[in-house]
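Report on one structure; see the data block that follows.
The sequence lines fix the lettering, A, B, ..., with proteins before strands; numbering per chain opens at 1.
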2 protein chains.
Amino acid sequence: MATDPLSLTFAALADPTRRAILARLAEGEATVNELAEPFAMSLQAVSKHLKVLERAGLVIRGRAAQWRPCTLESAPLEEVSDWLGRYRQQWEGRFTRLDEELLRIQNGTEGEQSHE
Amino acid sequence: MATDPLSLTFAALADPTRRAILARLAEGEATVNELAEPFAMSLQAVSKHLKVLERAGLVIRGRAAQWRPCTLESAPLEEVSDWLGRYRQQWEGRFTRLDEELLRIQNGTEGEQSHE
DNA sequence: CCGTTGTTCAACCTCTAAGTTGATTAGATA
DNA sequence: TATCTAATCAACTTAGAGGTTGAACAACGG
């Protein structure tokens, strides 16, 4: 697997279990047991998922007695958002073009495609 | 691997080669050979990457003679953006809290942590 | 000190991702 | 028809993801 930060983040997000964990953490700090509770898989499996999220910088783990409380760290999500930003113009542009096309069809001038 | 749309999209984006392909496609349609040219890997490997992108709905392939021109489809990126949106409040909130903390430090009242 | 709880480590299995090379198909052209 | 180009298909290798179970460690409570 690629090891650059963005790839690590995307890979971490490419799993429904891990996204569910993040959703739970968005509501506040939680222990591994609490996080594992909703899932039909072993605690160890969840622990591995957390390690993936940690490596991507999406969760930070504290230490309180025998617990390792997890908290959400959203910095990598901002990176993703920045990356997406480069394409936003793209899809907004596409929408505009589609919109124009729909207007053209409504106006009954659809035969005149001047698609560069 | 998970097969839900969001997971497919994130997985597709979790590779620098595929992100570079998307960046190239953002500038316009391209053939497989054109897309493969910058990379130090076989054409077949790039073809596989395109298949992954296609499965995620990020590229659409046409047919023109012996060429299969690829175009960027940004709808899945919007899905990602929507998903991210649920966390935006989170990290903006975090920033605010960090900001407050910095202000508190600047004011010399840093000992009084009332962290719920 | 002993047992319980929370969590991780280690070994293992299975499946798939990502690359390779070689053969094959589809269409253009001599 | 023969051949060149564009791209895919097929078979294979290697490495890692994602799950399991069982053992180990660390901290608390009796």
Would you be so kind as to tabulate the donor-acceptor pairs closer than 3.5 Å made by side chains of residues 51-63 of chain A, with sequence neighbours excluded?
none

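- Side-chain atoms of B/E34 come within 3.5 Å of backbone atoms of B/T31 as a donor-acceptor pair (strictly under, hydrogens ignored).
- For residues 10-36 of chain B, the set of pairs meeting the ring-ring contact (aromatic ring centres under 6.0 Å, His included) definition, not counting sequence neighbours, comprises B/F10-B/W83.
- Taking atom CG of B/L43 as the reference point, atom P of D/dC9 lies 13 Å away to the nearest angstrom.
- Rounded to a whole Å, the NZ atom of A/K51 is 12 Å from the P atom of D/dA17.
- Between B/N33 and D/dT5 there is no side-chain polar atom (N or O) within less than 4.0 angstrom of OP1 or OP2.
- Distance CG (A/L35) to P (C/dT8): 10 Å, rounded to an integer number of Å.
- When the side-chain hydrogen bond (donor to acceptor under 3.5 Å, both in side chains) test is applied to B/R24, no partner is found at least two apart in sequence or on another chain.
- Pairs passing the salt bridge (charged side-chain N to carboxylate O under 4.0 Å, His left out) check and including a residue from residues 81-90 of chain A, sequence neighbours excluded, do not occur.
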Completion exercise
Under a 4.0 Å heavy-atom criterion, the protein footprint on nucleotides 22-30 of chain D, written with B, S and -, is B----BS--
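- Put simply, CZ on A/F10 is 19 Å from C1' on D/dA17, counting in whole angstrom units.
- The phosphate of C/dG6 has neither OP1 nor OP2 within less than 4.0 Å of any side-chain N or O from A/T31.
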Return all side-chain donor-acceptor pairs below 3.5 angstrom for residues 35-49 of chain A, not counting sequence neighbours, or 'none' if the list is empty.
{"unit_1": "A/S42", "atom_1": "OG", "unit_2": "A/A45", "atom_2": "N", "d": "3.2"}
{"unit_1": "A/H49", "atom_1": "ND1", "unit_2": "A/R18", "atom_2": "NH1", "d": "3.1"}

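- A search for side-chain hydrogen bond (donor to acceptor under 3.5 Å, both in side chains) contacts involving B/N33 returns nothing, not counting sequence neighbours.
- Across residues 22-30 of chain A, not one residue has a non-hydrogen atom less than 4.0 Å from an atom of DNA chain C.
- Every side chain to side chain contact (heavy atoms under 4.5 Å, CB included) that B/A75 has, sequence neighbours left out, goes to B/E73.
- Residues forming a side-chain hydrogen bond (donor to acceptor under 3.5 Å, both in side chains) with A/S7 (at least two apart in sequence, or on another chain): A/D4, B/R19.
- Residues B/L13 and A/L13 have side chains not in contact (no heavy-atom distance under 4.5 Å, counting atoms from C-beta outward).
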Look for any protein N or O under 3.5 Å of an N or O in nucleotides 16-19 of chain C and output each such pair with its distance, or none.
{"unit_1": "C/dA18", "atom_1": "OP1", "unit_2": "B/R18", "atom_2": "NH2", "d": "3.2"}
{"unit_1": "C/dA18", "atom_1": "OP2", "unit_2": "B/R18", "atom_2": "NH1", "d": "3.0"}
{"unit_1": "C/dG19", "atom_1": "OP2", "unit_2": "B/H49", "atom_2": "NE2", "d": "2.2"}
{"unit_1": "C/dG19", "atom_1": "N7", "unit_2": "B/K48", "atom_2": "NZ", "d": "3.1"}
{"unit_1": "C/dG19", "atom_1": "O6", "unit_2": "B/K48", "atom_2": "NZ", "d": "2.2"}

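- A/W67 belongs to no hydrophobic cluster with other residues, because no ILVMFWY side-chain heavy atom falls under 4.5 Å from its own, directly or through intermediates.
- The distance from atom CG of A/L13 to atom P of D/dG18 is 12 Å, rounded to the nearest whole Å.
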